[in-house]
Amino acid sequence: MRVKKAILLAALLVPAVASAQQPREARVEVDGGLHWSGPITFAGVNANEISFGGAPRTVFESSSTLEASAGVEARIGVRLTSILQVESAIALGRTHLATHITADNEAADATITEPVTQ
Amino acid sequence: MSFVRSGRSVFSAILIAGMICGHARPALAYLKFGFDLNGRQVTLRWNTMPVRYFVTNQAVAGVSAADFQAAAARAFATWQAVPTAATSYVFGGFTANLPGEDDGRSTLGFLNEPDLDRVLASTNYLVDNATGALLEADIFFNSAFAWSVAANGDRSRWDLESIALHEIGHLNGLGHSAIGETEMTNSGRHVLSTGAIMFPIALGPGDISGRRLDADDIAGISDLYPDNNFNDDTGSLSGRVTKNGRGVFGAHVVAFDPARGDLVANFTLSTNGQFSIAGLQPGPHVIRVEPLDDADIESFFDPAEPVDLNFRTTYYERLVIVPRGGDSGAVQIQVSP
């Protein structure tokens, strides 16, 4: 009777050992989703000329913003070993780069844009 | 103005106290001088480097011949230091000859021209008619004005190095730039600011800010004498300016780099309103179009040219991306009266 119990215990233990060895096999993970990026404002840059004595004189001022955008994102990961996994991600979104022109004595304020695909 | 003399053409470009007159018609590209040769546009440039120059052995009050040579050498060195342009100059020595003599030598020196009461300096060219190559370029500085070579300038005298820097730009083959702002007063046109050493009006006696080059000057000299990588590392922007469906001639088109603050410009140089601006850093640019109202038209164009001044300063509604080593593609800009 003691022999039978020992065999049963061994049988119960085998699956647990097999499970511990599984991470060594290749495994692929795929996921995706939506993303949103907030606006990014760049430092303002003026269109300067030089006046008598070398002092700058501003013809107009400019400031640029990469506007907020929403997009899609996909990611794929491949586990090569228990400690090494390779991942690759791609995100696609459209936004606008906008430059605001102000303080031009000869023209009204203007906002100049260009679509940007990221 | 051009005329043939002994199989060679003579052009002149003049820096004047109140204005500069560029008599040669600009070529259809950037702010280079050029002329029509049997129906072909030829750009004025030196075909061999270094350019050898001489200095007249003559002094004026406050400026010895050696002082003059040293100031001119600094101005030449400033042009030569542009990293994207392949220009070089060498001082050939002092000479008893005066600027303006057809002696095969490019000579810089003083001449007393009291009748030219608004002319600070002038550059004259001797050009090979067949190729457009510069053979000789002389620069005279009008000794009817008071000159200075003081390190910090002299408020009652014109800074020789600054004016030499402008004239050497002409010697290189560059025309005038219209990047600058002026206002009309009872005493005439007054300069508020300049954005290029090649602007046709000097700021005033004592000013030494004209000892440096601006982005427009650097783009111009690099476009005229590009080094090995310049054309690959920069790009151009081109297009057409129209008003009521028709091309605008003589519109001043300025490309502004909102990342660097650079201003580089050219004109629409055909009656269908075409323009091209080369030597731009890759990336987005703002385009501003304005009438040529900050200098006399004669400083840029032949008086007979149909320069249109009747439109409002306009920003093109889109940023234009200048590609590295390429052109933006045709940009269509509409202006209104």
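Each chain gets a letter, A, B and so on, in the order its sequence line appears, and its residues count up from 1.
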Discussion item. Between R189(B) and D296(B), does any NZ, NE, NH1 or NH2 come within less than 4.0 Å of an OD or OE carboxylate oxygen?
Written reply: yes
Item to complete: Name the member of D262(B), V286(B), D214(B) that forms the most heavy-atom pairs with chain A at distances under 4.5 Å.
Response: V286(B)
Item to complete: Output the distance between atom OG (S193(B)) and atom CG (D294(B)), rounded to the nearest 0.5 Å.
Response: 8.5 Å
Discussion item. For the CG atom of L213(B) and the NE2 atom of H166(B), what is their distance to the nearest 0.5 Å?
Written reply: 12.0 Å
Worksheet item: Atom CG in D233(B), atom OG in S222(B): separation rounded to 0.5 Å?
Response: 11.0 Å
Discussion item. Report which part of N105(A) has an atom under 4.5 Å of a heavy atom belonging to chain B: side chain, backbone, both, or neither.
Written reply: neither
Worksheet item: Under a 4.5 Å heavy-atom cutoff, which of G210(B), G261(B), P258(B) has the most pairs with chain A?
Response: P258(B)
Item to complete: Quick one: closest heavy-atom pair of I221(B) and W79(B), and the distance?
Response: CB-CZ3, 3.7 Å
Item to complete: Name the region of A110(A), side chain, backbone, both or neither, that has any atom closer than 4.5 Å to a heavy atom of chain B.
Response: side chain
Worksheet, complete the sentence: Honestly, the part of I50(A) sitting under 4.5 Å from a heavy atom of chain B is both
Worksheet, complete the sentence: Rounding to 0.5 Å, atoms CD (E114(A)) and CZ (R318(B)) come to a distance of 4.0 Å
Worksheet entry | Under 4.5 Å from any heavy atom of chain A - which part of R211(B) | neither
Worksheet item: What part of I179(B) lies closer than 4.5 angstrom to a heavy atom of chain A: side chain, backbone, both or neither?
Response: both
Item to complete: Using the six-membered ring wherever Trp is involved, compare the ring planes of F267(B) and H252(B) and label them parallel, tilted or perpendicular (cut-offs 30° and 60°).
Response: tilted
Worksheet item: For the rings on Y315(B) and F60(A), is their centre-to-centre separation under 6.0 Å?
Response: yes
Discussion item. Is F52(A) in contact with chain B via its backbone, its side chain, both, or neither, using a 4.5 Å heavy-atom distance?
Written reply: both
Worksheet entry | Max heavy-atom pair count under 4.5 Å with chain B, selected residue of A47(A), A108(A), P56(A), A43(A) | A47(A)
Worksheet item: Picking from D109(A), T113(A), T111(A), what satisfies side chain to side chain donor-acceptor pair (under 3.5 Å) with H100(A)?
Response: T111(A)
Practice prompt. Below 4.5 Å from any heavy atom of chain A, which atoms of R260(B) appear? Answer side chain, backbone, both or neither.
Written response: backbone
Worksheet item: Quick one: what part of E181(B) sits under 4.5 Å from any heavy atom of chain A, side chain, backbone, both or neither?
Response: both
Item to complete: Among G206(B), G153(B), G204(B), single out the residue with the greatest number of heavy-atom pairs under 4.5 Å to chain A.
Response: G204(B)
Discussion item. What part of I208(B) gets within 4.5 angstrom of chain A, counting heavy atoms only: side chain, backbone, both, or neither?
Written reply: neither
Worksheet entry | Value rounded to 0.5 Å, distance of CZ in F311(B) from CG in D293(B) | 8.5 Å
Worksheet item: Relative to chain A, which of R312(B), R288(B), E290(B) shows the most heavy atom pairs under 4.5 Å?
Response: R288(B)
Worksheet, complete the sentence: Honestly, the part of A196(B) sitting under 4.5 Å from a heavy atom of chain A is neither
Worksheet, complete the sentence: Looking only at T194(B), D257(B), I321(B), the option with the highest number of non-hydrogen pairs under 4.5 Å against chain A is T194(B)
Worksheet item: Is it true that R157(B) and D159(B) have a side-chain N and a carboxylate O under 4.0 angstrom from each other?
Response: no
Worksheet item: How would you list, in number order, the residues of residues 68-76 of chain A that have a heavy atom less than 4.5 Å from chain B?
Response: none
Discussion item. Under a 3.5 Å distance rule, please check whether N46(A) uses its side chain to pair with a backbone N or O of E61(A) as donor and acceptor.
Written reply: no
Response to the item:
Test side chain to side chain contact (heavy atoms under 4.5 Å, CB included), reference L120(B), set I163(B), N142(B), L160(B), output is I163(B)
Worksheet item: Are more than 12 heavy atoms from other residues, nucleotides or ligands located less than 6.0 Å from atom CD of Q281(B)?
Response: yes
Worksheet entry | Portion of P205(B) that has a non-hydrogen atom of chain A nearer than 4.5 angstrom | backbone
